[in-house]
Amino acid sequence: EDPNICYIPIGDLLNEARDALPGTTGTLIHNEAFSLFEAMSAVEIGNIKMDTGMLATPKTIDELIADGAAPSELSVDQVLQIVDRLIALEATWYNGGALASTVFSCLYMLRPERIQSNAALYAYCTALKDTCSAVRALVMQGGVAEEEDFNIHCFGLPIDEGVGVSSKQEDKVLPLLSKALDLCEEMAASEQQAGRAREAELHAALSLRLQLRRELYMGLTASLKIGSPDLEAAQKHFTKALASLDAMPQGHTQEAEPPAQASSDSSSSVVGFDDNVNRHLLAPAPPRAIKVFGLCEARSHMRTTLDHLLQALQVQQCADLGSLLSWAQSFSLLRPSTLPRSLAHMLLLPRTWGLPDPGSTDPPKPAPSSTSSSGTKAPPTPPAWMLTRDMVRESCALEPFAHGKLGPDVEMFLEQSVIALGNWVQALLMNPCRLRRRLRRGLEDWGNLYQHALNADTSDQFQAYMRKVGWQWVPMDGEGGQDPQGPLATWVERYTASTMLSHLLLGFELELYEAKEYNMIYWYISMLYMSQRTALQQLQSTLPARTQSKKIANKKAEQQQAASAAQQTYQRRQQALLAETLQAELSHYLCQGMVRVMLALKAAGIQSDPDPPFNGLAQRFDQRFAAFHNLVVRPEPVVFETYAASVNIGSHTPESVLQLATDAFGMARKVIKFLQTSSQMAAVPASVQVELKALDRVAAQNMLASTVLVRSLQQEPGNLPKVAFDFQHHRHYPTLAVKTKGN
């Protein structure tokens with residue numbers, strides 16, 4: 001024993017602590033501050049899945065290199081395998097993996113200077129490192145990624161942690177890629193002439209991968225030019241990257257598919273990789289197990305990502321609020337990954353274009369600006385698709401000459417509208433689970449905006465403006481005891497209903513509802529569509545006719561042209577409002593049909609109300625909809641008593657209720673036919689036409705199913721059929737699958 005160490009016996013203390021333990025086994029010993037949060041984030045000591053100390057100490061990169069894990073002399077076949085493995089790991093990182101355990105598990109990425117003699121691999125690794133920097137910058141600036149979407153942490157890795165790509169980086173990377181591409185093409189040609197087809201194919205395949213890396217890198221850098229993103233160049237480069245990816249043939253590498261179950265604790269058979277080399281940079285608890293993409297799967301993911309990046313750039317075609325929201329909703333339905341969503345939102349942010357954020361007091365970053373004739377620099381001009389007060393003003397049908405002349409209440413309304421709409425678009429560009437939560441939280445914005453709209457509607461300046469343009473608004477005149485809600489508040493109600501509908505309908509996509517509660521859900525959705533339809537009808541019927549055609553003849557040529565353009569704008573807005581009104585009416589009929597089907601199934605004993613163990617139907621109603629009541633004023637919240645009275649079928653038989661459901665589905669099909677064939681529906685975009693075809697199929701099949709149910713109940717009242725709900729044709733409205741005993 002060491003005489004300098006004094007040992008103190010603690011056996012008695014341990015025995016005393018043992019005797020004080022509760023008699024029940026499995027009791028957790030903790031202090032008073034130990035809560036559920038600490039329990040969920042605590043490291044279970046000794047558990048190999050949670051405690052990195054239980055794992056064997058990994059070798060350092062120097063030890064791995066000394067052992068020959070990353071040789072500097074490589075054949076073209078080995079280089080191609082390394083590049084393909086990096087593509088798979090890059091796609092895995094895009095899908096939520098940690099950078100340290102994916103891309104930078106490659107030893108050549110950590111020490112690229114060792115392979116400078118290999119022009120192709122050195123150029124690829126250098127470009128990939130800067131691509132990772134650009135991707136991180138794009139994701140951070142986009143502001144729509146959550147920790148479950150993307151892992152941006154890069155502490156301790158040889159990567160630039162800035163928020164952009166400098167011109168110095170481009171000047172270094174692009175010449176390396178060009179030199180490597182020229183060399184690969186020369187080698188492919190020389191090998192082909194020498195009759196070595198296999199080697200020629202390998203060099204050609206490597207050339208395609210270098211082209212993919214160059215075009216993706218250049219597309220990202222063009223998008224990240226703060227103040228003046230070059231979207232035309234970005235679109236060109238993403239298109240070329242997609243073409244290079246599609247041109248890659250299969251079967252050139254020996255390991256076309258890395259292990260399907262590869263994770264953070266597995267090793268690749270490709271030379272130059274070690275999954276544990278960066279383990280000292282990770283948290284004390286190992287990262288969650290991830291599935292490393294195989295090469296085919298990685299290519300598919302990259303192809304989808306590039307296609308969605310091009311779809312994100314389509315925002316340039318939006319010139320008004322309606323087209324912007326339609327694009328955002330269509331883009332959200334693609335369920336794009338983090339990178340395209342981040343690019344889409346970044347292009348909508350004012351700071352991307354050197355402009356201040358709405359309501360922000362912080363100065364924007366300096367951006368290139370044009371110089372006026374007087375020699376002073378003009379402020380940057382926002383792109384046509386960006387949410388601005390002018391876009392909201394046009395959506396509310398306010399004349400351009402009214403800019404700045406409608407008083408402080410209207411200006412405050414316009415400012416708050418930009419913020420509310422911006423939050424809505426940002427929510428649409430999040431992942432579906434976050435989207436639904438953000439839509440509910442965003443209702444607070446719309447509730448506050450409604451109060452601003454009421455103040456603006458009743459302000460003296462806006463009243464004077466309405467009289468000047470001849471805008472008649474019956475509720476503002478106080479007739480019929482209606483709510484003194486003007487056109488601006490009605491505009492808010494229209495979009496508030498849209499937000500509430502998006503929140504509820506997304507529950508079907510996320511499979512949050514039981515079939516037993518479809519009746520309740522579709523009933524509330526139907527009520528919201530009725531409110532939205534009413535608001536749209538009011539806006540459509542009271543918009544001022546900007547120019548009377550009989551007055552145009554007395555104007556000069558320029559004035560005639562301006563008046564004609566104004567009249568065309570008015571007609572387009574009328575058409576758009578009519579189309580949106582009919583779409584709300586169509587959805588109302590579909591919901592009405594579903595409600596009646598559910599009521600008939602309940603009355604026939606085929607379906608029952610939800611029977612939760614701890615609450616009743618009224619409590620379930622509140623759990624689904626009570627959040628609306630506390631956040632919004634209009635559409636008016638609906639209470640459970642109204643629902644209960646509305647769904648009481650009284651003395652109606654199931655067969656008669658099913659006939660009413662058939663009528664509702666038939667009315668929906670009539671509206672669809674009108675939308676598809678009427679010359680007034682030029683404003684309906686192509687994406688809506690596809691939607692209409694799907695809805696028509698749902699309505700037609702449900703009409704047939706209702707008829708089958710009626711015949712089954714009449715002919716075999718003792719043999720109840722089985723009914724299933726299939727969302728194959730549409731994500732929100734199911735088709736009814738009826739199975740009788742005889743089938």
Side-chain angles (χ1 to χ4, degrees), residues 90-96 135 138-139 141-146 148-150 216 219-220 223 231 234-235 237-239 241-243 245-246 293 297-318 321-349 385 387 421-439 498-499 501-503 505-512 583 684-695 727-733:
E90 182 184 5
T92 305
W93 177 49
Y94 291 168
N95 208 44
V135 168
L138 181 58
V139 171
Q141 291 180 39
V144 293
E146 298 293 340
E148 67 267 19
D149 296 325
F150 194 84
L216 177 58
L220 291 172
S223 304
L231 303 187
Q235 185 170 2
H237 291 305
F238 289 146
T239 303
L242 192 58
L245 189 64
D246 289 336
F293 286 170
E297 191 177 4
R299 286 180 178 177
S300 177
H301 181 82
M302 296 290 284
R303 184 178 294 106
T304 302
T305 298
L306 287 167
D307 183 61
H308 289 167
L309 286 170
L310 291 171
Q311 293 288 337
L313 294 176
Q314 295 302 311
V315 69
Q316 301 172 84
Q317 300 179 5
C318 302
L321 182 60
S323 61
L324 176 62
L325 294 179
S326 177
W327 166 84
Q329 290 169 339
S330 299
F331 185 73
S332 178
L333 291 177
L334 297 175
R335 297 294 177 253
S337 59
T338 304
L339 194 56
R341 290 190 283 113
S342 299
L343 175 61
H345 191 239
M346 188 193 73
L347 297 178
L348 295 171
L349 296 176
W385 62 84
L387 279 168
L421 288 167
N423 291 339
W424 188 16
V425 173
Q426 182 183 23
L428 288 172
L429 297 176
M430 291 184 167
N431 68 58
C433 295
R434 297 281 181 173
L435 164 59
R436 194 168 189 271
R437 298 175 194 170
R438 287 295 294 268
L439 287 173
S498 296
T499 305
L501 285 166
S502 298
H503 171 80
L505 291 172
L506 193 58
F508 290 106
E509 299 178 49
L510 298 176
E511 300 180 358
L512 301 180
Q583 289 174 51
V684 177
S687 59
V688 177
Q689 295 287 355
V690 175
E691 183 92 350
L692 291 176
K693 290 181 180 179
L695 292 175
F727 287 89
Q728 178 182 359
H729 301 301
H730 196 273
R731 61 193 180 279
H732 299 151
Y733 301 101

Checklist entry - Are H301 and E90 close enough that some pair of their side-chain heavy atoms sits under 4.5 Å apart? => result no
Next on the checklist: Donor-acceptor check, side chain of T92 to backbone of F293, threshold 3.5 angstrom: yes or no?
Outcome noted: yes
Checklist entry - Given side chains that start at C-beta, do those of F150 and W93 come closer than 4.5 Å, heavy atoms only? => result yes
Item to check | Trace of the side chain to side chain donor-acceptor pair (under 3.5 Å) decision for H345 with Q141 | outcome: CA-CA 9 Å; H345 191 239; Q141 291 180 39; over 6 Å; no
Next on the checklist: Testing the basics here: between L349 and G142, what is the closest heavy-atom pair and its distance to 0.1 Å?
Outcome noted: CD1-O, 4.4 Å
Next on the checklist: Suppose we screen for salt bridge (Lys or Arg N to Asp or Glu O under 4.0 Å). Which residues come up paired with D246, at least two apart in sequence or across chains?
Outcome noted: R303
Checklist entry - Taking S332 for the side chain and A328 for the main chain, is one N or O donor matched with an acceptor at less than 3.5 Å? => result no
Next on the checklist: Is the shortest side-chain heavy-atom distance between L343 and F238 below 4.5 Å?
Outcome noted: yes
Item to check | Check: E146/N431 side-chain N/O donor and acceptor closer than 3.5 Å | outcome: no
Checklist entry - Roughly how far apart are N423 CG and L428 CG, rounded to 0.5 Å? => result 11.0 Å
Item to check | Sub-4.5 Å side-chain heavy-atom contact between T338 and V144 | outcome: no
Item to check | Test side-chain contact (heavy atoms from CB on, under 4.5 Å) applied to R434 and E148, step by step | outcome: CA-CA 10 Å; R434 297 281 181 173; E148 67 267 19; 2.8 Å; yes
Next on the checklist: How long is the straight-line distance from CG of D307 back to CD of Q311, given to the nearest 0.5 Å?
Outcome noted: 5.5 Å
Checklist entry - Can you find a heavy atom in the side chain of M302 that is under 4.5 Å from one in the side chain of Y94? => result yes
Item to check | Point-to-point distance, once rounded to the nearest 0.5 Å, from OG of S337 to CG of L309 | outcome: 7.5 Å
Next on the checklist: If you apply the rule side-chain contact (heavy atoms from CB on, under 4.5 Å), what do you find for L306 with L216, and how did you get there?
Outcome noted: CA-CA 8 Å; L306 287 167; L216 177 58; 4.0 Å; yes
Item to check | Nearest atoms (heavy-atom pairs only) where V135 meets L220 | outcome: CG2-CD1, 3.8 Å
Next on the checklist: I need the minimum non-hydrogen distance between Q329 and W424, along with the two atoms involved.
Outcome noted: NE2-CZ2, 4.0 Å
Checklist entry - Aromatic rings H732 and H730: how do their planes relate, parallel, tilted or perpendicular, breaks at 30° and 60°? => result perpendicular
Next on the checklist: Run R731 and E691 through side-chain contact (heavy atoms from CB on, under 4.5 Å) and show every step you take.
Outcome noted: CA-CA 10 Å; R731 61 193 180 279; E691 183 92 350; 3.3 Å; yes
Checklist entry - Which atom pair, heavy atoms only, marks the closest approach of A312 to W327? => result O-CZ2, 3.6 Å
Checklist entry - Between E509 and R335, what is the shortest heavy-atom contact and its length? => result OE1-NH2, 2.5 Å
Checklist entry - Of all residues at least two apart in sequence or in a different chain, which pass the side-chain contact (heavy atoms from CB on, under 4.5 Å) check with L231? => result P229, L313, Q316, L347, W353, W385
Item to check | Side-chain heavy-atom pair D149, V139 within 4.5 angstrom cut-off | outcome: no
Checklist entry - Roughly how far apart are L387 CG and C318 SG, rounded to 0.5 Å? => result 10.0 Å
Next on the checklist: I want to check something: taking the side chain as every heavy atom from C-beta on, are M430 and R437 in contact at a cut-off of under 4.5 Å?
Outcome noted: no
Item to check | Euclidean distance, L138 CG relative to L339 CG, rounded to 0.5 Å | outcome: 5.0 Å
Item to check | Non-hydrogen side-chain atoms of P340 and F331 separated by less than 4.5 Å | outcome: yes
Checklist entry - What are the two closest non-hydrogen atoms of L506 and P432, and how far apart are they? => result CD2-O, 3.4 Å
Checklist outcome for this item: To the nearest 0.5 Å, atom CG of L421 lies from atom CG of L325 at 6.0 Å
